[in-house]
Each structure stands twice: as structure tokens, then as C-alpha cells.
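Accompanying notes for the structure given below.
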Number of protein chains: 2
Amino acid sequence: MFTPLFDHIQKFVTLEPSEIDLLQSCLKLAKIKKKEHLLQEGQVCNTIYFITKGCARQYIINSKGTEQTLQFAIENWWITDYLSYHNTTPSHFYIQTVENCELIAIEKNTLESLLIEIPKLERYFRIVSQKSFGAAQMRIKFLFTMSAEERYHHFNNLNPDFVQRVPQYMLASYLDFSAEFMSKIRAGKV
Amino acid sequence: MFTPLFDHIQKFVTLEPSEIDLLQSCLKLAKIKKKEHLLQEGQVCNTIYFITKGCARQYIINSKGTEQTLQFAIENWWITDYLSYHNTTPSHFYIQTVENCELIAIEKNTLESLLIEIPKLERYFRIVSQKSFGAAQMRIKFLFTMSAEERYHHFNNLNPDFVQRVPQYMLASYLDFSAEFMSKIRAGKV
DNA sequence: CGGTCTCTTGACGGAGTTCAAAGCTAGTGG
DNA sequence: CCACTAGCTTTGAACTCCGTCAAGAGACCG
């Protein structure tokens with residue numbers, strides 16, 4: 001039941017059986033229904049989440065009252081607000097499940113102990129977060145250089161299966177255009 | 001001469017004197033003139049840079065042939081292309097000095113050895129890159145929710161001293177609008 | 001089924017781009 | 001130390017991509 005996480009970790013570091021046992025004893029699997037919140041804006045984030053099944057997203061509510069999705073997380077992705085987590089400051093974001101999810105939630109206290117007991121995890125999270133940062137840079141590049149239509153087609157090509165899983169208005173906001181415009185792109189009326 | 005880096009590291013982890021000696025023996029300070037490139041698009045990135053003096057930026061050239069700055073790095077910031085670095089793939093970015101710089105360049109080989117010799121550095125880089133990732137998320141939030149004029153004023157308020165240091169067209173592209181439009185914002189003609 | 005989300009369509013408007021030309025500034029070499 | 005030049009900034013007019021609004025059509029879930 002924790003195997004997706006162990007598999008993911010073993011891609012980057014090799015844990016001893018004893019370390020796996022220790023880690024396992026600290027983990028809890030949670031089943032969360034669709035549309036539930038893992039984090040609310042204004043709340044201090046002190047948990048990190050690893051999705052083993054389903055899909056979650058990080059979003060904000062803009063000045064017009066519309067939700068805008070900043071990030072999706074699917075199987076084998078971590079999701080949290082690292083700024084709020086590290087600085088113990090109120091979060092600017094909501095984190096919400098998009099589908100019924102199974103996920104591993106690790107509290108800050110637990111994680112801090114684990115990182116001390118199993119220093120290899122420092123390496124694991126270092127590599128994972130450097131890659132995430134790299135991916136965020138690429139995301140900004142695409143937002144900068146592509147038109148709305150190009151972003152849509154590009155995303156569709158890279159994630160043909162994922163597109164089915166989320167409502168179109170969420171994807172539209174992730175790609176930074178309106179749901180109406182997305183509809184026109186899909187209809188070829190643009 | 002390496003003190004800015006040691007100071008920065010000691011904010012997050014405490015190194016033993018022997019570790020400091022080892023680290024020091026592996027570092028080289030480089031003086032780089034303004035407008036020189038540390039990384040070219042298409043090249044595999046196998047160096048990370050810590051700025052001790054000056055300013056550098058990561059940028060791309062868009063389809064119209066215009067440079068667009070994705071990130072600035074000033075004193076006490078790391079800059080590199082982590083995706084190219086980790087995957088050994090050609091970079092999508094240029095990295096270039098904006099001012100005359102003094103920086104510490106660490107090759108991938110050297111860094112990998114250092115991380116093994118001084119495991120605390122794993123922790124240091126984990127924390128730094130998680131914070132960077134958090135900052136990238138905030139950047140995307142601002143790009144999504146603010147108008148061009150709001151982004152300009154917001155950036156000016158947060159970095160009043162920095163704005164003087166870079167040409168306006170670089171800052172305009174970083175904030176994702178044209179140099180001409182920036183000029184109009186500054187003149188209050190918008 | 002009934003109501004609430006979600007998606008579509010068209011008309012209109014506006015924030016920001018593009019282009020071209022002129023004005024300014026700073027660095028460089030004589 | 002001045003003059004020249006290349007790079008940077010400003011300005012205005014025309015244009016365009018995409019947002020907003022409003023209304024209707026589906027689709028899904030209880």
C-alpha cells in the first residue's frame with residue numbers, strides 16, 4: 001500500500017530494510033473524497049502529501065472570485081506549499097483533491113524526525129525538489145512563449161490521458177486562459 | 001572570499017570546521033565580466049553557480065527573436081538549470097551575467113563528491129531548492145492574478161534597490177510585458 | 001427525473017502588442 | 001576629456017488576442 005512511495009524513493013536512493021521499516025511505521029495512508037481541501041488559504045501548511053492514487057491541485061481565488069489552478073499533482077507526485085511550510089507563514093493557496101484520492105500525508109514533526117533518522121531522505125527530497133523547481137521554470141517558459149492555443153495543444157500532446165481526468169475549466173485556468181476561450185479552441189473557432 | 005556562501009549555508013545547517021576546510025578546498029571563485037554567458041541554450045548544464053557579487057539572469061529567446069528573462073539571481077542566490085543538470089539533457093535556457101560578477105562555480109562531479117563527504121549539504125540544498133520552488137509558485141501566482149501595471153508596482157515595492165541594477169527591457173520581459181509598455185507605465189500614460 | 005455543475009456560442013470591449021521613428025545615455029577609443 | 005556610436009528608452013497609432021458577459025445547452029449525480 002505504500003509501495004508507490006517506496007518505488008519512487010528507490011529511483012533516487014537505496015534504503016536499507018531497516019530504514020524501510022522505520023519509514024513504513026511512520027506513514028499513514030488516507031482516503032480523501034473528491035473536492036475536499038487539504039489546505040485552505042490563510043492556514044499554515046505543516047503537511048506534505050504524496051499522491052498514490054487520484055489527482056489533487058493547488059489553486060487560488062483571484063480578485064474576480066474565479067479559481068485559478070497553479071498546479072496539478074497525480075500519482076507519484078508530492079504536493080504542498082513549501083513557503084508556508086518552511087517559514088510557518090499563512091499560505092496563499094488552497095490544495096484540494098480533484099478526484100477521490102489515496103495519499104500519504106506526512107506531518108512536519110514526523111518528517112523532520114525521519115530526515116534525521118534516515119539522512120538518505122534528505123538526498124531524495126533534494127533531488128525531487130530540484131526537479132520540481134526545474135519543471136516550474138519550464139512552466140514559466142511555456143506561459144511566456146506560447147499563445148493560448150499553443151499552450152493547449154502542447155499540454156494535450158504531453159498529457160493526452162490526463163486531460164480527460166479534470167474539468168476543462170480547471171485546465172483552462174492552469175493554462176492561463178478563460179474556460180470560454182478553451183471551448184473555442186476545442187471547436188476550432190479561433 | 002567564500003564567506004558569503006559559508007554564511008548562507010550556516011543559516012540552514014551547522015558545519016564542522018573540518019567540513020568547512022574540505023568544502024573550501026573544493027571551491028573556486030571566478031570573476032566574470034558583464035554580459036558573458038555561463039550557459040548556452042542546447043548545452044548540457046553541469047555546473048551550479050552561487051553569486052557572491054553582481055547579478056546574473058536566466059533567459060530564453062522567443063519565436064520573435066526577443067530575449068525574455070525567466071529569472072534573476074543576485075548575491076547569495078544559486079542559479080543553474082536543474083532539469084538539464086539532473087537529466088543530462090540540452091538546456092532550454094541561457095544563463096548570462098548582467099553585471100560584472102564574482103561567483104562560485106561548482107562542477108557536477110565536485111558537487112556529487114561533496115554531497116557524499118558532507119551529507120549536511122544534502123539538507124542545505126534540499127531546503128534551498130524547496131524554498132526556490134515555493135518562490136516559483138508565488139511567481140506564477142503573481143503572473144496569473146496581477147495586471148502588467150500591478151506586477152510592475154509590486155516588484156518595485158519589493159525590490160526598490162534592485163530595479164536600478166538591470167536594464168528596463170530585461171525587467172519588462174521578466175514581468176511579462178513589452179519594453180514599450182513598461183515605458184508607458186513609468187510615464188503614467190496608462 | 002430535477003437541479004446544479006459544466007460546456008458552448010456570439011457580440012463587444014479592452015489590456016497590452018507591434019511597428020516605426022526619434023530622443024537619450026553611457027561606454028569607448030582617439 | 002570630448003565625440004561617436006551602439007544600446008536603451010520613449011511616444012503614438014493601429015491592431016489583436018483574449019476576456020467578459022449573457023444566455024442557452026448538456027451532463028451528471030442524488
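Lettering follows sequence order; numbering is per chain, from 1. Every value quoted in this text rests on a predicted model; they were computed, and no experiment measured them.
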Q.
Counting primed atoms plus P, OP1 and OP2 as sugar-phosphate and everything else as base, spell out the protein contacts along nucleotides 3-13 of chain C at 4.0 Å heavy-atom distance: B, S or - for each nucleotide, 5' to 3'.
A. ---SSBBBB--
Q: List the protein contact pattern of nucleotides 25-30 of chain D with one symbol per nucleotide (5' to 3'): B for base contact, S for sugar-phosphate-only contact, - for none; contact means a heavy-atom distance under 4.0 Å.
A: ------
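Panel note: side chain B/Glu122, backbone B/Pro119; no donor-acceptor pair is recorded below 3.5 Å. A donor-acceptor contact shorter than 3.5 Å is absent between the side chain of A/Thr110 and the backbone of A/Ile106. Under a 3.5 Å cut-off, the side chain of A/Thr52 and the backbone N or O of A/Glu102 do form a donor-acceptor pair. Looking at B/Thr97, its side chain does come within 3.5 Å of a backbone N or O of B/Lys35 through a donor-acceptor pair. Using a distance-only test at 3.5 Å, with no hydrogens or angles considered, no donor-acceptor pair links the side chain of B/Thr66 to the main chain of B/Asn62. With B/Arg139 contributing its side chain and B/Leu70 its backbone, the two residues share a donor-acceptor pair below 3.5 Å.
B/Ser178 has a side-chain polar atom (N or O) that falls below the 4.0 Å cut-off from OP1 or OP2 of C/dT17.
For the pair A/Arg151 CZ and D/dG19 C1', the computed distance is 13 Å after rounding to whole Å. The distance between atom CD1 of B/Ile185 and atom C1' of C/dG16, rounded to the nearest whole Å, is 9 Å. In this structure, CG of B/Asn100 is placed 16 Å from P of C/dA26, rounded to the nearest angstrom. In this entry the distance linking OH of B/Tyr152 with P of C/dG16 reads 15 Å, nearest Å. Counting to the nearest Å, the C1' atom of C/dA15 and the CZ atom of A/Phe177 are 18 Å from each other. Residue B/Leu175 contributes atom CG, which lies 11 Å from atom P of C/dT17 at whole-angstrom precision. Atom CD of B/Gln164 and atom P of D/dT9 are 12 Å apart (whole Å). In this structure, B/Gln68 places its CD atom 15 Å from P of C/dG16, rounding to the nearest Å.
Note that CH2 of B/Trp77 and CZ of B/Phe72 are 11.0 Å apart. Values are rounded to the nearest 0.5 Å.
A salt bridge links B/Glu75 to B/Arg165: at least one charged side-chain nitrogen sits closer than 4.0 Å to a carboxylate oxygen.
Aromatic rings from B/Tyr152 and B/Phe177 are positioned such that their centres are separated by 6.0 Å or more.
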